[in-house]
Number of protein chains: 2
Amino acid sequence: MATRIDGPTRREQILKEAARLFAERGFHGVGVDEIGAAVGISGPGLYRHFAGKDAMLAELLVGISGQLLTGARRRLAEADGGGDGTDRNPEEVLDSLIEGHIDFALDDRPLITLHDRELDRLRDSDRKLVRQLQRQYVELWVEIVREMYPALAEPSARSAVHSVFGLLNSTPHLGRPGSPLPGRDTMATLLHRMARGAFAAAGTA
Amino acid sequence: MATRIDGPTRREQILKEAARLFAERGFHGVGVDEIGAAVGISGPGLYRHFAGKDAMLAELLVGISGQLLTGARRRLAEADGGGDGTDRNPEEVLDSLIEGHIDFALDDRPLITLHDRELDRLRDSDRKLVRQLQRQYVELWVEIVREMYPALAEPSARSAVHSVFGLLNSTPHLGRPGSPLPGRDTMATLLHRMARGAFAAAGTA
DNA sequence: CCTTCAGGTTAACGACCGCTAACCTCCCTG
DNA sequence: CAGGGAGGTTAGCGGTCGTTAACCTGAAGG
């Protein structure tokens, strides 16, 4: 493995800029020349690093889904403390999951946007992989939510989880203009409280 | 005004199918030939009804924003009961707003999807109009929310409203496959409770 | 019955876009 | 100091897409 004193790889630069552009104008709305220009090379030079435009999108989406799932599993394992899950504190785990998702939504807005917007542009095999990762991520949340609110039927719990994702992923929609935005910490706290409030309201029949 | 025994106008058919296709594959991902085929005519025949592909998207987005705003104003006026707003019951108004938004999200999924996905593809003037309508809709909610939760600062209230929109608009993301979905009424009740819970959690310092 | 016109049709143009081909230029290494 | 590969460049091909042009048709109206 190369020593990392060189800053981000060319590949990483490309992926980052591509994510931003795809999020801003949509996959079909961005040309390869623009992506190239964003990293200082032009057009076909990208093909030294990726097989094609589709491959960039695929790598982005698989990366996002994988990162979310891996992070969630790590957090669950930490909160579990080596036990078998029967004695873990669901409230603590849920808070940790929410925190992780919020960090992602606030720090990687373009990726969050892509994640639920451009999935259909993938090749079948890639799309299946991404959906599988997403589904595992959702089911992990559903399990914890149902531990906390046993009265909640499984379909309702799954819908509730999707809805909270919608809530947490809403930050990209906040308008750019002059109106004052809450700071990052304020925003994180607000989103966290709202997510908990939404689950509580869903779970108390 | 033409008597309406003829069913939907050609224009209306086209708009409906275009909305569905745009929502499914994105504005740039759909060709005019496909839109034409979806209503039984082909390709350039659409230009007898619309100035171009852009015009269809513009009419859709302006229509959505206008419908949401108009509906919200009507509901607010009804709940206001002819008063000047000083003695209205904010809880009642908020419930009515939530109900209206949920009806829209559940009954017009493609439009809700377009609404926050393809705004940037519009001409400048149209985009400004849509944003203005959206902003008025948001401010209307913010006003009511702040009446109910005076402790909530305005930037936080605005963020909270955006987040609840994200929650309510999350229904298109529910997967198609076999896993059982809640029925429409169950879903509406669930979303309503979660929205109220989220606001309550945001508003209680 | 002739005209008109709304609402279609097909052909084709021009622009754009993803991608390949062919070539160039450092830099590293034996 | 050869040489070879990594990482660029520009030119250009093939296909697609939005749009226009030119033409057709059936029904309504005087």
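Numbered from 1 within each chain, the chains take letters A, B, ... in sequence-line order. Every heavy atom of this structure was used, including side-chain atoms; hydrogens, water molecules and symmetry mates were not.
Between B/Arg88 and B/Glu92, none of the side-chain N atoms (NZ, or NE/NH1/NH2) sits under 4.0 Å from a carboxylate O, so this pair counts as no salt bridge. The pair A/Lys16-A/Glu12 does not count as a salt bridge, with every side-chain nitrogen at least 4.0 angstrom from each carboxylate oxygen.
Taking the side chain as every heavy atom from C-beta outward, A/Leu61 and A/Asp126 never approach each other to under 4.5 Å.
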Annotated protein contacts, base or backbone, on nucleotides 8-26 of chain C with a non-hydrogen cut-off under 4.0 Å, one of B, S, - each | BBBB------SBB-BB---
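A donor-acceptor contact under 3.5 angstrom links the side chains of A/Arg123 and A/Ser125, judged on distance only.
Taking atom CD1 on A/Ile35 and atom P on D/dG8, their separation rounds to 15 Å, with Å as the unit. Note: CZ (B/Arg121) to P (D/dG18) measures 14 Å, nearest angstrom. Spacing between atom CD1 of A/Ile14 and atom C1' of D/dG7 amounts to 10 Å, rounded to whole angstrom units.
Here the closest non-hydrogen pair linking B/Val145 and B/Val161 is CG2-CG2, 4.1 Å.
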